[in-house]
Amino acid sequence: MSLYSIFCGNFHQLRNSIGSCSSTGLLKCGLLYRTVLQNRGNKTRPISTTILARSTRKESKQSFKTSRHLHSESVESSIEVLKQSDLEHLKSLQCYNIPQKVSGVKTDWPATILVFDIETTGFSRRYERIIEFAVRDLMGGKNSTIQTLINPEREIKNAYVHGISSSMVCKPDIPRFREFIPILLQYVLSRQMADKPVLWVAHNGRSFDVPFLMYEFQRSKIEMPGDWLFVDTLPIARQLIGSDGEKLKSVSLDNLREHYKIPLAGSAHRAMQDVITLCYVLQKLTFELKLTVPQLLERSFRVSDLSTPRPGK
DNA sequence: GGCCCTCTTTAGGGCCTT
């Protein structure tokens with residue numbers, strides 16, 4: 001099975017999903033939250049988040065609100081992800097002649113493919129923290145996306161990069177990463193197929209996103225599921241430099257987006273925007289290089305393949 | 001930090017991620 005054949009269905013679904021958002025402006029998901037509740041004695045605690053993008057780009061400034069109420073059985077989140085103008089822009093995306101029908105059924109897929117991205121307080125996985133997390137299941141459909149701010153419990157000095165300031169996240173109603181992990185685990189379980197792995201996809205994931213994730217899990221003293229596999233699109237993109245060097249001189253996500261003429265939806269360097277970009281870039285890369293899903297799985301790695309952090313760090 | 005390239009391999013610089 002080629003990845004492109006999967007994308008044929010999923011990017012149509014992605015487009016439809018984005019289109020459906022434009023009518024409501026909201027994505028809603030309900031997730032069990034028992035682990036957190038156990039830790040907090042079943043107390044109800046409202047969590048709300050308001051985000052404004054970087055002020056230097058007024059024309060693309062976006063906002064969304066997240067509200068979540070922890071309850072004895074469930075937690076609900078409402079996320080206004082994009083402005084109407086951004087969504088109309090997304091709807092105009094050309095989907096590379098993707099057929100209208102979904103090829104295959106979910107149970108035929110060899111893995112659940114989750115494209116994710118993080119924003120952080122800096123580059124050091126040891127000393128910096130995650131402040132935003134976004135993920136999209138390529139299968140699409142209801143509850144296929146999660147996006148949230150994270151409280152790093154420290155000052156943010158690189159707000160000029162992503163527009164996320166200390167005042168936006170360093171407050172009690174923004175979840176810390178250890179509080180977000182149960183939500184993430186429940187989300188993955190809701191997307192995972194029986195006896196099949198989860199394949200996480202990130203750009204420069206091996207050196208950046210995955211180590212950050214690993215450190216956050218270790219600091220939270222929660223073990224990462226053993227069937228989580230990761231694939232890095234950076235070395236895949238580098239293969240194109242060898243075969244298409246005249247056209248592709250840089251393999252940054254921004255350059256890949258420009259190379260493939262993918263319109264920028266909202267502000268770059270925000271987690272969900274980069275996830276959406278990477279979804280399209282992944283489709284183009286695997287199509288050009290004729291990469292199948294099994295080949296992608298062969299290139300995957302586990303957190304145990306990465307260097308282990310020193311205790312207490 | 002990991003990977004890649006070259007003026008290389010007993011090394012060093014640049015890219016990529018925020």
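Since the model is a prediction, treat every value here as computed from it, not as a measurement. Just so it is clear: chains get the letters A, B, ... in the order the sequence lines come, proteins before strands, and each one is counted from 1.
A/Ile118 comes within 4.0 angstrom of sugar-phosphate atoms only, judged by non-hydrogen atoms across all strands, and of no base.
Taking 4.0 angstrom as the limit, A/Ser250 places a side-chain polar atom (N or O) nearer than this to OP1 or OP2 of B/dC16. Remark: A/His269 is in phosphate contact with B/dT18, judged by side-chain N or O atoms under 4.0 Å from OP1 or OP2. The phosphate of B/dC3 has OP1 or OP2 within less than 4.0 Å of a side-chain N or O from A/Arg206.
B/dT17 atom C1' lies 17 Å from atom CZ of A/Arg129, rounded to whole Å. Atom CG of A/Leu285 and atom P of B/dC16 are 14 Å apart (whole Å). Look at CG on A/Asp274: it is 14 Å from P on B/dC16, rounded to the nearest Å. Between the CZ atom of A/Arg238 and the C1' atom of B/dC16 there is a distance of 7 Å, given to the nearest Å. Computed from coordinates, the A/Phe230 CZ to B/dT17 C1' distance equals 16 Å when rounded to whole Å. For the pair A/Arg299 CZ and B/dC3 P, the interatomic distance rounds to 12 Å; values are reported in whole Å. When rounded to the nearest whole Å, the span between CD of A/Glu128 and C1' of B/dT17 equals 13 Å. Spacing between atom CG of A/Asp305 and atom C1' of B/dG1 amounts to 15 Å, rounded to whole angstrom units.
The A/Val161 side chain lies nearest to B/dT18 when the options are B/dT18, B/dG1, B/dC16. Here the side chain of A/Arg125 is nearest to one of B/dG1, B/dC4, B/dT18, namely B/dG1. You'll find that the side chain of A/Asn204 is closest to B/dT17, out of B/dT18, B/dC3, B/dT17.
Between A/Cys279 and A/Arg136, the shortest heavy-atom contact is SG-CD, 3.8 Å. Here the closest non-hydrogen pair linking A/Thr286 and A/Leu282 is OG1-O, 2.8 Å. When every heavy atom of A/Cys170 is checked against every heavy atom of A/Asn151, the shortest pair comes out as CA-OD1, 3.6 Å.
Residues A/Tyr187 and A/Gln192 have side chains that never bring a donor and an acceptor to within less than 3.5 angstrom of each other.
B/dC4 and B/dT17 have their P atoms separated by 16 Å, with the value rounded to a whole Å. Taking the C1' atom of each, B/dC3 and B/dT8 are spaced 15 Å apart, rounded to whole Å. B/dG12 sits 10 Å from B/dC7 when the C1' atoms are compared, rounded to a whole Å.
A/Asn158 contributes a side-chain N or O that forms a donor-acceptor pair with the base of B/dT18 under 3.5 Å.
Between A/Pro235 and A/Leu253, the residue whose closest nucleotide on DNA chain B is further toward the 5' end is A/Pro235.
Taking the ring centroids of A/Tyr215 and A/Phe212, they lie at or beyond the 6.0 Å cut-off.
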